[in-house]
Novice: 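My questions will all concern the structure given below.
Below, chains carry the letters A, B, ... as their sequence lines are ordered, and counting in each starts from 1.
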Amino acid sequence: MENEFRLADLAARVGARLEGEAGIVVSGVAPIEEAGPGQVTFLANPKYAVFARETKASAVIAKSRVEGSQAAFLLSDNPYFTFACTVELFHPPMRPPAGISPAAHVHPGARLGKDVTVSPFVAVAEGAVIGDQTVLYPGVVVGERTSVGEDCRLYPNVVLYHDVRLGARVILHAGCVIGSDGFGFAPSPKGYRKIPQVGTVEIEDDVEIGANTTVDRAALGVTRIRRGTKIDNLVQVGHNVVIGSDTVIAAQAGISGSCRIGNRVMIGGQAGLAGHLEVEDGIMLGAKSGVPDSLRASESRVWSGIPAMPHPTWLRLAMLLPKLPDLFRRVRRLEVGKIPKGEE
Amino acid sequence: MENEFRLADLAARVGARLEGEAGIVVSGVAPIEEAGPGQVTFLANPKYAVFARETKASAVIAKSRVEGSQAAFLLSDNPYFTFACTVELFHPPMRPPAGISPAAHVHPGARLGKDVTVSPFVAVAEGAVIGDQTVLYPGVVVGERTSVGEDCRLYPNVVLYHDVRLGARVILHAGCVIGSDGFGFAPSPKGYRKIPQVGTVEIEDDVEIGANTTVDRAALGVTRIRRGTKIDNLVQVGHNVVIGSDTVIAAQAGISGSCRIGNRVMIGGQAGLAGHLEVEDGIMLGAKSGVPDSLRASESRVWSGIPAMPHPTWLRLAMLLPKLPDLFRRVRRLEVGKIPKGEE
Amino acid sequence: MENEFRLADLAARVGARLEGEAGIVVSGVAPIEEAGPGQVTFLANPKYAVFARETKASAVIAKSRVEGSQAAFLLSDNPYFTFACTVELFHPPMRPPAGISPAAHVHPGARLGKDVTVSPFVAVAEGAVIGDQTVLYPGVVVGERTSVGEDCRLYPNVVLYHDVRLGARVILHAGCVIGSDGFGFAPSPKGYRKIPQVGTVEIEDDVEIGANTTVDRAALGVTRIRRGTKIDNLVQVGHNVVIGSDTVIAAQAGISGSCRIGNRVMIGGQAGLAGHLEVEDGIMLGAKSGVPDSLRASESRVWSGIPAMPHPTWLRLAMLLPKLPDLFRRVRRLEVGKIPKGEE
């Protein structure tokens with residue numbers, strides 16, 4: 001499963017500058033505490049430089065050399081990116097063989113591209129289109145007229161409802177659901193009446209979405225996730241939400257209906273956004289934040305807390321909250337000092 | 001996929017009063033900013049009246065006429081409800097053809113009603129009962145002795161454990177799990193011992209439950225969701241919970257074991273309720289609230305915050321929290337003003 | 001489905017001391033408010049002793065006799081544990097018959113143990129190993145080279161990615177996903193680049209994991225859940241997390257990447273932990289807590305709140321928060337009392 005490279009060749013392939021012996025052979029990657037001879041490791045954070053000094057790894061990917069280390073160095077301005085390329089070299093993506101399992105169920109009115117993998121127990125409905133090289137793992141369900149681009153991976157038991165559109169190189173992890181009905185009901189004296197959710201979902205190229213995440217179809221119109229955005233596990237994306245490009249959303253966050261999330265936004269785990277609000281480009285939102293209103297970059301680039309406030313304010317608040325009981329006591333003392341007895 | 005109506009006919013069918021030309025023909029619905037000629041749109045909120053003035057839609061569903069608009073008006077006391085009916089007219093629910101796929105697995109000891117749809121890779125176990133007109137999408141699993149009422153829709157990969165009961169017209173979205181074991185373990189010196197969860201789940205008529213939501217079976221007795229209640233995606237309903245009628249629960253909320261939720265309750269997204277508590281009829285609970293104790297309508301109808309408090313209190317608190325660091329400074333100043341130097 | 005026992009025999013089997021008539025026959029268990037003649041019930045909490053006095057149950061499992069009750073008593077130092085054993089006696093676990101469904105898809109290069117149940121629409125990939133007596137319910141997917149121990153239960157639509165390892169007697173509830181890619185991306189000027197997640201997941205003996213919970217595989221190395229730990233529904237476990245033995249994690253909690261959770265830890269529902277932190281053995285973390293830093297048992301055994309603080313502090317804080325608007329007013333009053341008019 002692992003390949004071998006001379007350090008000079010590895011450096012050339014991943015675009016790093018080698019400081020060390022060109023001829024050393026490496027055959028794998030490992031965390032810095034565990035790496036041994038023949039392995040490459042990675043110094044993410046200069047504060048862990050001590051590990052680079054002690055490591056038995058043959059080579060360390062880093063921003064700059066660490067004095068006192070016996071290892072060779074693969075230097076890069078973006079070591080995390082270089083690390084990504086290195087891991088990929090040693091572990092080229094596995095791909096199940098192309099072909100349509102006789103245990104799959106593909107409607108004769110569906111269109112499959114070249115070199116598609118359709119695993120057992122996959123159901124592809126009428127009018128669906130599957131792009132070249134795309135892999136559908138077991139139990140994937142593709143609804144009527146849904147189209148999936150080239151070179152996508154839909155892991156086991158992913159469900160795409162009808163009329164959904166996926167771009168190229170989209171990765172959906174197991175159990176992810178795209179296109180379920182948005183949550184819309186009109187109250188009436190006889191109980192709630194369902195608002196039919198007749199819109200759809202469009203997911204652009206190079207999006208990755210985590211396991212058991214749910215993305216609802218629009219009531220009318222389109223729920224949209226733009227190019228290159230990455231969404232973690234168990235996230236909820238409500239109907240008519242638009243999420244920009246290169247945005248990152250951590251696990252268990254929830255985006256209520258009709259939110260507009262910008263480009264290069266970062267949303268922390270378990271954060272929640274109320275409906276119909278806007279988060280401007282480049283904003284960072286802390287884990288577990290609760291956002292009742294739109295977030296403007298002009299006011300703050302980083303927000304946290306419940307309700308969300310500029311991050312420096314939240315940091316001070318978080319330090320002071322445990323001291324609030326004491327503050328109550330202090331105010332009481334001030335009052336008692338001021339208020340003549342009998343007036344209380 | 002879309003139908004056509006003269007406005008007079010549409011008004012009659014959805015119970016609205018037409019102000020405008022009876023003979024105008026409309027063939028679809030669209031959001032107010034996007035709607036064009038031949039389309040009907042919807043004015044949800046009088047504060048968006050400006051859109052009604054500028055819209056190119058042929059007709060607007062609203063509570064009252066908006067001066068200056070060129071569109072016809074379909075007036076209704078409950079425009080959201082009228083909108084729901086209108087969307088349904090233009091988009092009558094699609095229904096896969098009835099029939100049992102040869103690629104499904106139905107135990108000979110299961111009983112299927114009339115005009116049932118059993119899709120490929122559906123597994124129906126011994127003793128299960130499926131009501132007339134019910135649709136089981138691909139990958140649905142129905143456990144032993146579980147009964148599903150008439151005209152239900154179970155979207156792909158829904159799982160019903162054994163001995164669960166569903167009423168009529170229940171909609172379960174993809175990946176929803178009903179009847180998994182409640183979370184009950186008895187500590188012992190040798191580790192936790194599982195409390196067998198030998199109760200069940202009953203879901204009454206007209207309930208809708210979102211994608212990847214989980215509803216645990218009771219330890220003993222029944223976890224119950226009453227008629228007409230609507231639950232969003234990724235919600236957790238613990239064992240022995242009882243949820244009343246016409247209650248609405250937004251995405252990622254969590255209801256701990258043995259809670260009793262009343263009728264016409266509204267629970268916001270990511271709200272969490274501790275175990276064994278009661279939420280009285282008609283209560284509204286804000287998004288992200290944390291509820292440690294029972295909520296009484298006599299104390300407040302609307303609750304929010306962590307811990308949950310009457311909503312007006314939470315609104316004031318939410319405004320003041322970012323000012324808490326300043327309050328600490330102000331109290332310090334008061335103390336310094338009072339306390340003679342040297343005493344500190 | 002239920003069995004019958006004389007009380008004396010029942011007491012002997014579950015290790016309880018009988019106070020009452022040995023010959024009374026019981027045939028089931030029920031909650032204390034509902035139990036009738038012929039049933040056993042359970043007094044969890046001495047404060048519900050009133051129910052034990054009024055119950056019509058034939059016998060009550062409890063720590064000590066309740067005066068005034070007509071029922072027999074089954075006394076135990078650990079009544080909850082004794083209750084677990086009793087329920088199990090009356091409801092011995094059901095087991096689907098062993099055998100491989102012709103509607104399953106088992107790769108010829110997979111290895112199945114003795115008396116394995118492989119249900120319809122189960123996919124077992126090349127190199128997978130399934131231990132003796134293990135049950136795979138419909139729709140389960142087992143990836144390449146993944147091994148599952150003896151006597152496990154994988155409920156419908158569970159997904160195990162490739163190279164995952166499960167111990168013996170592991171229970172995974174429906175829709176649970178093990179081994180999905182961790183959330184790791186390196187930013188670059190051209191957008192995010194995926195860090196290939198080339199580690200794995202190991203789950204030790206006697207672990208139980210709830211419905212639709214997700215456990216990500218390590219980037220490098222292993223995400224590990226140790227013996228006897230119990231995890232509820234919709235929980236997120238990030239890449240490279242290590243969770244100790246006999247730990248309990250309630251629904252919708254989220255554990256970020258590289259956390260180290262100790263043994264016998266208890267984590268409440270919807271709690272969230274930031275990445276790379278440590279929670280020491282035996283710590284209890286309240287529901288909905290937000291944990292930004294490691295938790296040390298020497299500082300407090302019980303933590304709660306956002307941010308997490310020692311539980312007694314949080315309890316005081318939670319009582320005071322609704323009074324904060326009033327505190328602002330009180331401080332204002334103090335200031336006005338101090339500050340001469342005109343200076344404001």
Side-chain angles (χ1 to χ4, degrees), chain A residues 29-31 34 78 80-85 87-88 90-91 93-94 96 101 103 119-121 137-139 155-157 171 173-175 206 208 210-212 227-230 232-234 245-246 248 250-252 268-270 287-288 305-306 318-319 321-322 324-325 327-328 331 334-335 338, chain C residues 103 105 121 123 125 139 141 143-144 157 159 161-162 175 177 180-181 183-188 191-196 198 212-214 216 219-221 234-236 238 240 252 254 256 270 272 274 290 292 305-307 309-310 313-314 316-317 320-321 323-324 327 330-331 333-334 337-338:
Chain A
V29 284
E34 301 168 18
N78 188 346
Y80 200 37
F81 182 83
T82 304
F83 174 67
C85 302
V87 177
E88 203 174 308
F90 284 109
H91 300 267
M94 294 174 298
S101 165
S119 307
F121 318 130
Y137 282 88
Y155 282 96
N157 294 343
I171 299 173
H173 282 283
D206 299 302
E208 180 163 346
N212 286 343
R227 195 201 48 73
T229 282
K230 312 296 183 187
D232 202 350
N233 299 343
L234 292 169
S245 290
D246 295 316
V248 172
Q252 295 176 322
Q270 296 186 340
K288 240 184 163 66
I306 306 174
M319 289 223 316
L321 277 173
L324 189 61
L327 189 70
F328 269 84
V331 170
L334 286 166
E335 289 170 335
K338 276 184 54 84
Chain C
H105 187 276
F121 317 129
V141 179
E144 281 79 7
N157 294 342
V159 175
Y161 279 56
H162 62 92
V177 175
S180 39
D181 283 353
F183 199 61
F185 302 91
S188 88
Y192 285 99
R193 173 120 183 191
K194 183 175 176 68
I195 315 285
V198 302
N212 286 344
T213 281
T214 56
D216 282 347
L220 301 172
L234 293 167
V235 170
Q236 155 71 357
N240 293 82
Q252 296 176 320
S256 300
Q270 297 185 339
I306 306 174
M309 58 193 80
T313 307
W314 164 250
R316 281 201 302 277
L317 177 59
L320 293 172
L321 276 174
K323 297 179 183 162
L324 189 60
L327 189 71
R330 287 161 61 189
V331 170
R333 246 183 277 136
L334 286 167
K338 276 185 53 88

Novice: Under 4.5 Å, counting heavy-atom pairs only, tell me which of C:P307, C:A123, C:A274 racks up the most with chain A.
Specialist: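 Most pairs with chain A among the choices: C:P307.
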Novice: Output the distance between atom CG (C:L327) and atom CZ (A:F328), rounded to the nearest 0.5 Å.
Specialist: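 One finds 4.5 Å between CG of C:L327 and CZ of A:F328.
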Novice: So which of C:N157, C:V177, C:T214 has the biggest tally of heavy-atom pairs under 4.5 Å with chain A?
Specialist: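 Counting heavy-atom pairs under 4.5 Å, the top option is C:T214.
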Novice: Which answer fits A:Y137, side chain, backbone, both or neither, if we ask what part of it has an atom under 4.5 Å from a heavy atom of chain C?
Specialist: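 Nothing of A:Y137, per the 4.5 Å heavy-atom cut-off to chain C.
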Novice: Hey, are C:R193 and A:E88 close enough for a salt bridge, meaning a charged N less than 4.0 Å from a carboxylate O?
Specialist: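 A:E88 and C:R193: salt-bridged.
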Novice: Could you tell me which portion of A:P120 (side chain, backbone, both or neither) has an atom closer than 4.5 angstrom to a non-hydrogen atom of chain C?
Specialist: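 When you check distances to chain C, only side chain atoms of A:P120 fall under 4.5 Å.
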Novice: If you take all heavy atoms of C:P187 and A:Y80, which pair is closest and at what distance?
Specialist: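 So the minimum-distance heavy-atom pair works out to CD-CD2, 4.2 Å.
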Novice: For chain C, which candidate among A:D232, A:T229, A:V248 shows the most heavy-atom pairs at distances under 4.5 Å?
Specialist: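 Answer, by heavy-atom pair count under 4.5 Å with chain C: A:D232.
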Novice: Could you have a look at C:V159, C:L317, C:L320, C:T313 and say which one has the most heavy-atom pairs with chain A under 4.5 angstrom?
Specialist: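 Top option by heavy-atom pairs under 4.5 Å: C:L320.
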Novice: Would you name the heavy atoms of C:L234 and A:Q252 that are closest together and state the gap between them?
Specialist: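 In this case the closest contact between C:L234 and A:Q252 is O-NE2, 3.1 Å.
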Novice: Which bit of A:K230 is near chain C, if near means a heavy-atom gap under 4.5 Å: side chain, backbone, both or neither?
Specialist: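 For A:K230, the contact with chain C is made by backbone and side chain together.
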Novice: Is the backbone N or O of C:G175 less than 3.5 Å from a side-chain atom of A:N212, with the two atoms forming a donor-acceptor pair by type?
Specialist: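 Such a contact is found between A:N212 side chain and C:G175 backbone.
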Novice: Can you measure from CG (A:N233) to CG (C:D216) and round to the nearest 0.5 angstrom?
Specialist: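 It comes to 4.5 Å.
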Novice: Minimum heavy-atom separation for C:L220 to A:P31, with atom names?
Specialist: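 The pair with the smallest heavy-atom distance is CD1-N, 3.6 Å.
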Novice: Counting only non-hydrogen atoms closer than 4.5 Å, does C:S256 touch chain A with its backbone (N, CA, C, O), its side chain (CB onward), both, or neither?
Specialist: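 For C:S256, there is no contact with chain A at all, as no heavy atom is under 4.5 Å.
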Novice: Got a donor-acceptor contact below 3.5 angstrom from the C:Y161 side chain to the A:Y155 backbone?
Specialist: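 A pair under 3.5 Å: no.
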Novice: For atom NZ of C:K194, decide whether the heavy atoms of other residues, nucleotides or ligands shown that lie under 6.0 angstrom number more than 12.
Specialist: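 Atom NZ in C:K194 is crowded, with more than 12 foreign heavy atoms closer than 6.0 Å.
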Novice: Name the region of C:A103, side chain, backbone, both or neither, that has any atom closer than 4.5 Å to a heavy atom of chain A.
Specialist: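 Just its backbone gets close to chain A.
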Novice: Might you point out which heavy atoms bring C:S180 and A:H173 nearest each other, and give the distance in Å?
Specialist: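 The answer is CB-ND1, 4.1 Å.
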Novice: For the candidates A:A30, A:A174, A:G228, A:P93, which exhibits the highest count of non-hydrogen atom pairs separated by less than 4.5 Å from chain C?
Specialist: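 Ranked by heavy-atom pairs under 4.5 Å with chain C, first place is A:A174.
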Novice: Heavy-atom pairs under 4.5 Å with chain C - which of A:G269, A:P96, A:A211 has more of them than the others?
Specialist: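 Option with the top pair count is A:A211.
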Novice: Could you walk me through whether C:L321 and A:L321 satisfy the side chain to side chain contact (heavy atoms under 4.5 Å, CB included) test, starting with their C-alpha distance in whole Å, then the side-chain angles of each, then the deciding distance to 0.1 Å, before giving a yes or no?
Specialist: CA-CA 9 Å; C:L321 276 174; A:L321 277 173; 4.3 Å; yes
Novice: Rounded to the nearest 0.5 Å, what separation is found between the OH atom of C:Y192 and the CG atom of A:D206?
Specialist: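 One gets 14.0 Å once the value is rounded to the nearest 0.5 Å.
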Novice: Of all heavy-atom pairs between A:Q270 and C:G254, which one has the smallest distance, and what is that distance?
Specialist: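 Reported closest heavy-atom pair: NE2-N, 3.4 Å.
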Novice: Nearest 0.5 Å, please: how far is CG in C:L334 from CG in A:L334?
Specialist: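 Between atom CG of A:L334 and atom CG of C:L334 there are 5.5 Å.
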Novice: Among A:A251, A:G139, A:P322, which has the most heavy-atom pairs under 4.5 Å with chain C?
Specialist: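 Greatest number of close heavy-atom pairs with chain C: A:P322.
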Novice: Side chain, backbone, both or neither: which part of A:F81 has a non-hydrogen atom closer than 4.5 Å to chain C?
Specialist: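 Both parts, backbone and side chain.
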Novice: Output the distance between atom CE (A:M94) and atom NE2 (C:H162), rounded to the nearest 0.5 Å.
Specialist: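 These two atoms lie 3.5 Å from each other.
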Novice: State, to 0.1 Å, how close A:N78 and C:S188 come at their nearest heavy-atom pair, and which atoms those are.
Specialist: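 Heavy-atom minimum between the residues: ND2-CA, 4.1 Å.
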Novice: Can you find a pair of side-chain heavy atoms, one from C:D181 and one from A:I171, that are under 4.5 Å apart?
Specialist: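 They are not in side-chain contact.
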Novice: Can you tell me how far the CD1 atom of C:I306 sits from the CD1 atom of A:I306, to the nearest 0.5 Å?
Specialist: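 So the gap between those two atoms works out to 4.0 Å.
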Novice: Side chain to side chain contact (heavy atoms under 4.5 Å, CB included) for C:F183 and A:E208? Distances and angles first, verdict last.
Specialist: CA-CA 10 Å; C:F183 199 61; A:E208 180 163 346; over 6 Å; no
